[in-house]
Amino acid sequence: MNDRDHKIVKILKKNILRHGALSLADYMHICLTHPVHGYYIKNEPIGTKGDFTTSPEISQMFGELIGLWIVQVWMDHQKPEKFSLVELGPGKGTLMADILRATRMITDFHNSLELILIEISPSLKSIQKRTLKGFPAQWKTEIKALPNQPTIIIANEFFDALPINQFQRKSDKWMEVMVNLKGLSGSYSNEFCFELMNPSTASSEILINFENEVPEEGCMIEISKTMQNIVYCLSKHIHQNSGAALIIDYGKEGNVGNTLQAVHKHRYSNPLSSPGQQDLTSFVDFKAIRTYAEESGLIASHLTNQGDFLKNLGIEQRAEILSKGLSGNDLVLHQTALDRLINKNLMGDLFKVLGIRSAKSPPLIGLET
Ligand code: SAH
């Protein structure tokens with residue numbers, strides 16, 4: 001255990017000894033975004049040297065096609081003279097850099113856009129500043145502060161990083177999955193374990209919509225209050241100002257099952273070991289996103305898989321054009337990257353795409369047309 005590892009273990013332990021076992025959401029929140037020792041705050045998680053690789057890091061084509069999607073949405077909104085282009089959790093800034101490069105010939109579009117990046121991590125923010133050098137951008141840590149104008153929001157692998165609560169059905173009631181210190185002499189232990197407990201008052205409120213369901217014994221569900229708040233906030237903003245959001249992530253329709261996973265150096269690991277040193281994620285519940293968006297007066301597209309979405313936007317044709325200038329190993333790498341993004345056995349089906357838009361705007365390209 002290194003020094004930093006030790007500090008976050010101490011923080012978690014102090015919390016548990018003072019207030020009792022932590023909900024999984026509180027555990028994830030501390031591990032991922034503790035202002036000093038959180039995983040996203042200090043680490044450089046993305047890329048071959050990090051813990052995981054994302055679609056924009058695999059090929060420039062991903063950002064180029066999303067750039068096309070954004071321009072079409074802007075045109076569908078009668079080319080507003082000022083609009084916000086917002087990215088949630090931009091990582092290394094690669095996706096946005098590719099979007100801006102691919103659309104630079106459309107000068108009206110570039111002159112109209114105000115770029116806003118929502119990022120919690122100071123270290124990733126400085127990498128984003130470097131990647132997007134020369135392009136005026138604003139950084140914010142919360143969606144709440146967006147200016148009132150048409151808004152297009154993109155989020156790739158952002159929602160999977162948000163904390164979740166987990167519940168399990170036991171003897172006809174919901175119990176909550178909590179994180180506790182291992183062993184009876186808890187105060188001396190530095191290891192954590194999962195434990196089922198009666199839900200607190202706050203957790204009972206989170207469960208409220210599931211009280212009337214009669215699931216099988218042992219069934220697990222996951223609910224993200226943070227995700228709910230974010231989707232309500234961005235939906236309200238789009239409803240009031242017009243615009244759309246594009247959400248890409250691994251996930252499914254619904255919230256049944258235990259999908260919590262930890263990844264360290266491109267391998268799965270135990271979510272309770274090395275807190276703050278590894279990524280913790282869960283499958284995004286797209287049904288919940290759709291419900292929150294529709295409750296806010298927006299239209300949500302069908303859930304489309306990443307492979308179909310990218311093919312609808314013309315990734316195969318774009319790949320063909322790019323391959324003309326390549327040979328040897330570069331050509332092989334290019335073809336492998338395309339395959340990784342769209343093959344149903346790779347990222348093509350695991351990753352899903354959901355579009356949401358204001359009720360007044362036309363259907364979304366690649367998702368509804
Ligand atoms: N979209 C990027 C990176 C995905 S990793 C890509 O596709 O490569 C998740 C990103 O979300 C990181 O930039 C992380 O710092 C950021 N993030 C995680 N939780 C956040 C939160 N609560 N608020 C703002 N940003 C957050």
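In each ligand, atom 1 is the first atom listed, and ligand 1 is the first ligand listed.
In this structure, of P56, G63, S55, G89, the residue bringing a heavy atom nearest to atom 11 (O) of ligand 1 is G89. For atom 16 (C) of ligand 1, the nearest non-hydrogen atom from the set E119, K125, K92 comes from E119.
Here the shortest heavy-atom pairing between I8 and P275 reads CG2-O, 2.9 Å. Residues A319 and H334 share a closest heavy-atom pair of O-NE2, 2.9 Å.
At a 3.5 angstrom cut-off on N or O pairs, I46 does not count as close to ligand 1. Looking at ligand 1, you'll find an N or O of N156 within less than 3.5 Å of one of its N or O atoms. Between E57 and ligand 1, no pair of N/O atoms sits closer than 3.5 Å.
A donor-acceptor contact shorter than 3.5 Å links the side chain of D51 to the backbone of K265.
Between the NZ atom in K42 and the OG atom in S123 there is a gap of 9.0 Å [rounded to 0.5 Å]. Annotation: the span from K182 atom NZ to F192 atom CZ amounts to 11.0 Å, rounded to 0.5 Å.
Taking a cut-off of under 4.0 Å to the non-hydrogen atoms of G91, the atoms of ligand 1 that pass are 2 (C), 3 (C), 13 (O). Those atoms of ligand 1 with a heavy atom of S121 less than 4.0 angstrom away are 15 (O). Contact atoms of ligand 1 toward T54: 6 (C), 7 (O), 8 (O) (distance under 4.0 Å to a heavy atom of the residue).
Atom 25 (N) of ligand 1 has I120 N, 3.4 Å as its closest protein atom, hydrogens excluded (heavy atom only). The protein non-hydrogen atom at the shortest distance from atom 9 (C) of ligand 1 is E157 O, 3.4 Å.
Residues H264 and Y39 keep their aromatic ring centres 6.0 Å or farther apart.
Counting only N and O atoms by type, the side chains of D339 and Q335 include no donor and acceptor under 3.5 Å apart.
Using a 4.0 Å cut-off between charged nitrogen and carboxylate oxygen, K352 and E253 do not count as a salt-bridge pair.
Under the 4.0 angstrom criterion for non-hydrogen atoms, L124 is in contact with ligand 1.
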